[in-house]
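This report concerns only the one structure given below.
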Amino acid sequence: MGAVELRGFGWRHAGRLAWAVRGLDLRIERGERVLLLGPSGAGKSTLLAALAGLLAEDSGEQEGTVEIDGLDPRKDRERVGIVFQDPETQLVMSRCGDDVAFGLENRGVPATEIWPRVDEALRRVGFPYHRDRPTAALSGGEQQRLALAGALALRPELLLLDEPTANLDPAGAALVREAVARSVDADTTLILVEHRVAEALPLVDRVVVLAPGGGVRADGTPEAVFGAHGDALAAEGVWVPGRPVPPRRGTAPAGDVLLTADRLGLPPRLAAVDLTVRAGEALAVLGPNGAGKSTLALLLGGLLKPGTGRVAASTELAGADARTAPHRWRAPALTRRIGSVFQDPEHQFVTGTVFDELALGPRRTGRTEPEVRATVDGLLERLRLTRLARANPYTLSGGEARRLSVATALATAPRLLICDEPTFGQDRRTWRELVDLLAELRDAGHGLVTVTHDTEFVDALADRRVLLDRPTAQVPS
Amino acid sequence: MNDHTGTNRWRTIDIVVASVLAVAFGVIFWAWGLLWTATEGAFAFFPPAQAVLYGIWLLPGVLGGLVIRKPGAAFYCEFLAAFISVLLGSQWGTVAILQGAFQGVGAELAFAAFRYRSFRLPVALLSGALAGLAAAIFDQGRYYAALDLWSARVPIFVITVLSATVIAGAGAWYLTRALARTGVLDRFPAGRERIPV
Amino acid sequence: MIGLVEPVARPDAPLARRNPVAKLAAALVFSVILIVTLDPVAPAIAIAVELAVLPLFGVHPRVLARRAWPLLLAGAGILVTLVLFAADRSGRMLFEAGPVVVTSGVLVTALGLVLRVFAVALPGVIVFATTDPTDLADALVQNAKAPARFAIGALAAFRLVPLLGQEWQMITLARRARGVDAGRDPVARLRLFASTGFALLVGAIRRGTRLAVAMDARGFDAGTPRTVARRQHFGVADALLIAGATALASAAVATSVLLGTFRPLIS
Ligand SMILES: Nc1ncnc2c1ncn2[C@@H]1O[C@H](COP(=O)(O)OP(=O)(O)OP(=O)(O)O)[C@@H](O)[C@H]1O
Ligand SMILES: Nc1ncnc2c1ncn2[C@@H]1O[C@H](COP(=O)(O)OP(=O)(O)OP(=O)(O)O)[C@@H](O)[C@H]1O
Ligand SMILES: [Mg+2]
Ligand SMILES: [Mg+2]
């Protein structure tokens with residue numbers, strides 16, 4: 001039970017010419033724990049959706065077969081549990097207990113058995129609250145654990161996890177990994193997608209690497225795969241453990257002050273902070289989930305009105321406008337000086353194609369069409385988005401969407417760039433390209449503020465760190 | 001444009017997206033209120049002017065019918081949008097739920113008349129007009145009973161129906177086309193007419 | 001917006017505990033009966049009744065006032081409209097200036113309609129202030145035979161209300177960050193509103209699609225008969241609530257008939 005068999009499997013999303021996955025032959029036995037790797041856009045999420053029977057026939061074109069215990073997963077979803085990358089879209093009910101019970105009700109589990117099974121699943125993932133708690137009152141990490149409980153309560157024979165710790169702080173990510181390790185039975189098959197291999201390795205006994213063009217690039221125990229192909233895989237974008245990335249420290253000392261925050265806060269989302277941002281310097285903002293980092297980024301970006309304290313731009317950044325606070329500037333003036341990259345890339349898209357999305361900023365700042373083309377093509381090339389230039393931004397894979405949203409801000413090269421989690425969901429190669437682009441901007445004398453949970457990123461690039469703590473006023477009710 | 005998804009049975013995605021459309025309109029109406037409190041007030045004081053924008057409240061029904069293309073979709077979206085607006089801003093009273101149902105039936109009749117096979121502009125216009133008619137009849141009893149027939153009730157009636165035809169009917173049709181272009185309707189027949197990239 | 005979605009009453013109050021379907025039906029019956037008359041007496045009695053049962057629902061008058069104040073605007077609107085367009089201008093002439101003709105008859109009609117607005121709206125305010133949406137959906141399925149797939153689909157979508165409210169805010173901020181704003185120009189503001197609304201709609205449909213996938217992944221609509229984890233009971237007390245609402249509203253109308261003030265909606 002829980003055995004997976006793929007024969008010549010391929011899938012092409014409706015509206016795309018290229019296949020998301022193709023020519024895949026793979027067998028996974030019951031009880032195996034598999035780490036599924038591959039560069040961003042290689043089709044990992046697509047493959048998990050196929051295994052969960054969630055690729056509707058009318059949403060694309062299939063080749064070959066997928067079978068779980070010899071059955072089409074679309075016909076027989078009972079055996080599979082899946083946790084997606086974004087927890088918010090997979091919670092269905094407004095109270096935590098009801099959400100876990102939802103799947104059990106659908107499966108027709110007798111009413112008397114439902115609540116004991118809900119409680120057991122919540123206990124297994126170490127969920128800290130009563131089941132009456134509203135799902136809206138959970139942090140990202142807690143939502144992720146609840147989603148895991150919802151999948152586990154169904155006692156799946158095959159458990160699929162798609163980057164379950166993206167966007168979690170290191171402690172929260174460790175908790176989710178621990179919950180997975182604790183709650184998966186010996187005869188449950190596990191397939192895990194995770195770019196950061198080192199953290200995921202303790203959970204798995206087999207590694208499968210997808211090749212970008214289709215098929216399987218490498219397959220075997222972690223030792224065998226990384227021993228035999230370690231260097232090649234690292235060059236192709238896999239985060240092979242034990243191969244550190246070269247740092248990109250600043251070459252020149254920091255320059256003039258661009259922006260100062262003075263007792264800046266927005267209760268209850270953010271407690272007061274002081275900081276300065278300088279030209280030619282990369283500042284990293286760290287802190288647990290819910291500490292108010294994204295709120296701080298929006299405040300510094302001139303997008304929210306401060307609740308307490310103030311943000312002041314220097315004349316170096318804003319000239320005569322330095323007398324007014326950034327949140328009062330008109331939008332075009334703001335964009336020329338301060339660029340913002342939002343935590344959720346999809347919040348940021350305003351046009352219908354990847355190309356237009358990148359061209360929007362440069363066109364608005366009055367550059368000629370050939371210049372715009374050159375900028376856009378250069379960014380597309382470096383971030384491996386060229387073949388997606390005509391695609392709709394909302395149909396991109398998780399990592400592709402993230403790169404596009406960072407690139408939109410890079411395209412206008414504002415004097416100060418504020419990025420919220422710019423590197424999540426990236427393979428090693430696109431990650432390095434992003435870090436290089438940001439480092440080049442910094443070295444050219446621009447200021448850089450990044451909110452991040454990515455310790456590698458901080459080690460490689462940050463010149464200075466600011467640590468936020470959770471506002472003390474926040475007591476869980 | 002007259003294909004429809006094989007069966008008349010609603011898939012999960014039909015149910016959820018129809019519901020989400022209704023909810024999203026609830027939120028848009030709420031934001032509209034925030035932005036235009038001043039004009040809202042002015043309109044509330046003068047019903048014939050209010051009738052000019054009446055079609056906006058009927059958009060969810062026609063749009064639901066055009067996007068989902070299943071029997072009952074127009075009714076369900078309009079009814080649920082009304083239900084949600086009562087839940088969110090309950091000052092309208094539970095009677096608004098009946099009002100929504102009434103308008104929904106109007107919007108639905110147009111699609112039913114074409115046996116759920118045509119979703120072209122004329123059908124959308126008819127749907128908007130019928131929804132407006134239902135709304136106008138309901139409101140005559142509910143709100144305008146004490147007004148003068150020729151100087152108020154008749155103009156309000158006519159303007160309401162016209163507004164519904166233009167804003168809800170034509171508006172929903174253009175909106176459907178614009179939505180299809182973004183790719184979000186890929187899993188619906190309304191979104192099947194795109195060129196692959 | 002979150003505050004709007006949550007019930008704000010003491011959940012242990014005797015009538016707040018009644019079955020949600022019963023409460024909804026009672027509010028609906030009560031309101032519909034009151035619509036039939038245009039006189040001020042019946043709605044005035046009804047408002048007295050509504051205020052009298054308020055403690056039984058555990059709703060604080062302050063909550064009611066906060067949710068009902070927009071009705072004042074509607075009331076003022078009715079007054080102005082009637083002064084301009086009233087059909088019945090009988091009674092003593094009080095004031096005249098061009099098309100503005102105010103008679104005592106106009107004022108009585110206006111009073112009746114304003115009171116009616118409050119009398120018809122308050123039951124809904126009281127019921128929804130004391131009802132959890134999840135319980136309402138459960139009761140609609142279990143006690144009112146509403147189709148389960150639709151009730152649960154609607155409930156799942158309803159959970160997105162506060163999220164979409166936040167999304168509205170984020171879209172607005174994102175546009176500003178990308179250099180798009182409208183300043184004070186009303187046409188540009190309208191255009192920006194339309195484009196933000198469109199973006200919200202696109203985002204909502206996308207969320208809906210993903211939500212549907214997540215629900216399918218957990219066996220929604222897989223053909224297996226559903227069980228229910230939360231039981232809703234519809235008992236004698238619930239039937240009595242509906243009967244009571246019917247009786248009270250009818251009594252209000254009957255009083256008005258006996259006093260000779262009754263004015264039917266369709267005459
Ligand atoms: N709904 C969709 N419509 C069209 N194309 C899609 C859709 N979802 C994914 N794709 C495309 O299919 C390819 C594979 O996407 P998928 O999400 O499976 O990649 P992935 O391996 O999970 O990448 P990442 O690591 O960045 O999440 C990508 O090129 C993506 O743009
Ligand atoms: N629009 C909003 N309205 C009200 N509260 C909010 C809003 N956005 C965030 N919050 C709350 O404010 C607090 C700080 O949120 P913020 O998103 O800034 O945290 P963060 O440090 O970025 O967390 P993460 O690491 O999870 O991204 C959280 O408790 C959050 O629930
Ligand atoms: Mg993915
Ligand atoms: Mg954040």
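Labels below follow one simple rule: chain letters A, B, ... track the order of the sequence lines, proteins then strands, and each chain is numbered from 1.
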Heavy-atom contact with chain B under 4.5 Å, split by part of C:Ile126: neither
Taking side chain as everything from C-beta outward and backbone as N, CA, C, O, which of these in C:Leu136 sits under 4.5 Å from a heavy atom of chain B? Side chain, backbone, both or neither. side chain
For each of B:Ile13, B:Leu98, B:Ile15, tally heavy-atom pairs with chain C at distances under 4.5 Å, and name the one with the top tally. B:Ile15
Under 4.5 Å, counting heavy-atom pairs only, tell me which of C:Phe198, C:Phe150, C:Phe220 racks up the most with chain B. C:Phe150
Polar side-chain atom of C:Arg207 near backbone of B:Val20 as donor-acceptor pair, under 3.5 Å: no
Tell me, for B:Leu80 versus chain C, whether the close heavy atoms (under 4.5 Å) come from the side chain, the backbone, both or neither. side chain
Which one, C:Met215, C:Arg116, C:Arg149, C:Glu167, leads in non-hydrogen pairs under 4.5 Å with chain B? C:Arg149
Name the region of C:Ile205, side chain, backbone, both or neither, that has any atom closer than 4.5 Å to a heavy atom of chain B. both
Please lay out, stage by stage, how C:Val127 and B:Thr94 fare under the test side chain to side chain contact (heavy atoms under 4.5 Å, CB included). CA-CA 9 Å; C:Val127 161; B:Thr94 43; 5.9 Å; no
Is chain B contacted by the side chain of C:Thr209, its backbone, both, or neither, given a heavy-atom distance below 4.5 Å? both
What's the spacing between B:Leu87 CG and C:Phe158 CZ if we round to 0.5 Å? 4.5 Å
Taking side chain as everything from C-beta outward and backbone as N, CA, C, O, which of these in B:Ala18 sits under 4.5 Å from a heavy atom of chain C? Side chain, backbone, both or neither. neither
Might you point out which heavy atoms bring B:Val95 and C:Ser31 nearest each other, and give the distance in Å? CG2-CB, 3.6 Å
I'd like to know whether B:Leu63 forms a side chain to side chain contact (heavy atoms under 4.5 Å, CB included) with C:Leu201, so could you lay out the CA-CA distance, the side-chain angles of the two residues, the decisive distance to 0.1 Å, and finally the verdict. CA-CA 11 Å; B:Leu63 185 67; C:Leu201 212 52; 4.2 Å; yes
With a 4.5 angstrom heavy-atom cut-off, is it the side chain or the backbone of C:Ala27 that approaches chain B, or both, or neither? both
Work out which heavy atom in B:Trp10 is nearest to a heavy atom in C:Asp221; give both atom names and the distance. O-OD2, 4.4 Å
What closest approach, in Å, do B:Ala24 and C:Leu200 show between heavy atoms, and which atom pair accounts for it? O-CD2, 4.1 Å
